[in-house]
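Working notes, beginning with the structure itself.
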Amino acid sequence: MEDNGIPEEQIYQMLRKYKEKDLTHRSGRILGSMCTCPHPVGIKAYMMFLESNLGDPGLFPGTKSLEEEAITMLGELMGKKEVYGHIITGGTEANLMAMRAARNISKVRDPEIIVPKSAHFSFKKAADMLKLDMKMADLDDDYRMDTSSVEDLISDNTVAIVGVAGTTELGKIDPIEELSRICLEKDIYLHVDAAFGGYSIPFLKDAGYDLPEFDFSLPGVSSITIDPHKMGLAPIPTGGILFREREYLEVMAIETPYLTEDLQSTVVGTRTGAATAATWALLKHLGREGYQEVSRKCMEITSHLAEGVEKAGFELVTRPELNIVAFRSSQIPVEEIASKLENRGWAVSLASYPQAIRIIVMPHLKREHVKAFLADLELIKED
Ligand code: 0PR
């Protein structure tokens with residue numbers, strides 16, 4: 001720390017030097033991120049609420065109302081207006097809260113959860129923190145959760161089953177309808193991780209895409225993760241957790257003796273109201289049509305990219321269901337493709353199951369970026 005403070009302008013200059021080293025989404029070079037350039041309306045709303053702390057909501061009743069309204073709007077989007085939840089830091093915290101609710105509501109001594117092999121690693125964190133035994137269900141031939149494997153894994157200790165609507169690596173939608181039926185029959189908590197797909201599947205359905213049911217319209221679904229900081233275009237960190245019943249929040253409520261609320265169910269104590277303001281503002285500003293446009297454009301570019309990848313002689317792992325393209329080659333190992341693309345300035349990421357290059361076609365990826373990428377993909381065959 002300096003003895004004498006550095007003048008403001010100099011501070012910004014110093015910061016710019018660091019920022020120059022970062023990649024930007026706007027450059028179109030980030031191909032493996034589920035985040036994107038935040039929408040200007042989200043940024044402005046976020047900045048308006050920088051001092052608001054939802055950890056002490058009695059001081060910020062306006063922000064608290066915004067949170068309730070945002071949760072209702074998200075609930076409506078997910079097939080049920082009366083839901084209970086919070087705007088939190090992201091998918092990890094949402095999945096952790098869901099697993100905590102499921103564990104606490106059960107009276108099981110050695111709790112187990114069942115997640116698909118494709119589940120995000122946040123469930124491993126949740127299992128570790130909550131002392132849950134995590135069983136991994138197999139995937140079917142098209143990388144969706146295999147429900148017969150789920151049924152084999154169910155035991156008296158199962159406290160939750162997790163299905164994913166928009167898997168992290170391939171963007172697949174698990175058979176939630178079937179999971180809902182199984183969970184209702186066996187009285188098991190069902191959590192749907194729609195961190196990625198929650199902000200696109202309903203809009204793509206509106207646009208005529210044939211996608212399966214995955215939300216509270218299915219009676220077995222107990223909770224849903226839906227992340228505004230992914231396809232919702234909100235600034236980071238903004239996540240969402242929705243519960244069908246208030247009781248799920250109550251079973252993990254902790255007494256908060258000196259705050260303006262008596263009980264708190266979130267993991268985080270002091271938490272920003274800015275994320276809530278951004279979520280609310282974007283839902284109101286873009287509306288169903290605005291968000292439909294965002295998702296539709298991403299899907300158009302996804303199709304274009306998938307076609308181009310095949311034309312260049314690479315093999316698609318699966319037909320994209322959402323805006324993720326995963327591909328590999330019979331000639332070049334995946335790591336080599338990745339490093340050659342990286343040498344040409346593309347920040348790609350790898351899918352692990354199966355090993356593949358994975359491109360998430362977020363709204364910052366435009367046609368011109370895909371064109372340049374496909375040209376480089378042709379060239380790397382000769383590198
Ligand atoms: N659930 C699913 C289905 C996810 O894909 C992710 C994250 C999470 C939960 C956890 O969400 P948070 O990261 O918000 O806690 N999926 C991306 C991933 O791990 C997150 C990401 C975003 C990674 C941008 C890299 C990146 O540059 O791949």
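Just so you know, ligand 1 is whichever comes first in the structure, and atom 1 is the first atom listed for that ligand. Please read these numbers as outputs of a predicted model, since none were measured by experiment.
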Problem set entry | Validation row: F60, T260 side chains within 4.5 angstrom (heavy atoms) | no
Exercise. Can you check whether L322 reaches I201 side chain to side chain, under 4.5 Å on heavy atoms?
Worked result: yes
Under 3.5 Å, N or O to N or O, is [X] touching ligand 1 that way?
| X | answer |
| --- | --- |
| G91 | yes |
| E93 | no |
| T168 | yes |
| S122 | no |

Which residue and heavy atom of the protein sit nearest [atom], plus the separation:
| atom | result |
| --- | --- |
| atom 24 (C) of ligand 1 | S33 OG, 3.2 Å |
| atom 25 (C) of ligand 1 | G32 O, 4.2 Å |
| atom 22 (C) of ligand 1 | M34 N, 3.5 Å |
| atom 1 (N) of ligand 1 | D193 OD2, 2.6 Å |
| atom 19 (O) of ligand 1 | H120 NE2, 3.0 Å |
| atom 14 (O) of ligand 1 | H229 NE2, 2.8 Å |
| atom 15 (O) of ligand 1 | T92 OG1, 2.5 Å |

Nearest-0.5 Å distance, [atom1] of residue [X] to [atom2] of residue [Y]:
| X | Y | atom1 | atom2 | answer |
| --- | --- | --- | --- | --- |
| L218 | E213 | CG | CD | 5.5 Å |
| S265 | F243 | OG | CZ | 8.0 Å |
| I226 | M78 | CD1 | CE | 4.0 Å |

Exercise. Hey, which of D193, D146, D142 is the one that makes salt bridge (Lys or Arg N to Asp or Glu O under 4.0 Å) with K172?
Worked result: D142
Exercise. Counting from 1, what ligand 1 atoms have a heavy atom of N95 closer than 4.0 Å?
Worked result: 1 (N), 9 (C)
For this session: Find all atoms of ligand 1 within a distance of less than 4.0 Å from any non-hydrogen atom belonging to G166, and give their numbers and elements.
Result: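 Close to G166: 3 (C).
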For this session: Would you indicate which of K230, R358, K125, H25 comes nearest to atom 28 (O) of ligand 1 when only heavy atoms are counted?
Result: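 Answer by nearest heavy atom: R358.
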For this session: Step through it carefully: locate the ring centre of Y189, locate the ring centre of Y248, and say whether they are under 6.0 Å apart.
Result: yes
For this session: State whether any protein heavy atom lies less than 4.0 Å from atom 6 (C) of ligand 1.
Result: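 Answer yes: something from the protein, a heavy atom, is under 4.0 Å.
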Exercise. When you measure from the side chain of T36 to the backbone N and O of H364, does any donor-acceptor pair fall under 3.5 Å?
Worked result: yes
For this session: Give the cluster check for V164 versus L170: same hydrophobic cluster or not, with ILVMFWY residues linked at side-chain heavy-atom distances below 4.5 Å.
Result: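 Different clusters: V164 never reaches L170 through Ile, Leu, Val, Met, Phe, Trp or Tyr contacts under 4.5 Å.
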Examine the proximity of ligand 1 to [X] and report which part, side chain or backbone, both or neither, has a heavy atom under 4.0 Å away.
| X | result |
| --- | --- |
| T89 | neither |
| A195 | side chain |
| D227 | side chain |

For this session: Could you please spell out the steps behind the side chain to side chain contact (heavy atoms under 4.5 Å, CB included) verdict for N95 and H191?
Result: CA-CA 8 Å; N95 290 338; H191 175 64; 3.0 Å; yes
Exercise. Relative to each other, are the rings of F203 and Y291 parallel, tilted or perpendicular (30° and 60° limits)?
Worked result: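 Correct class here is parallel.
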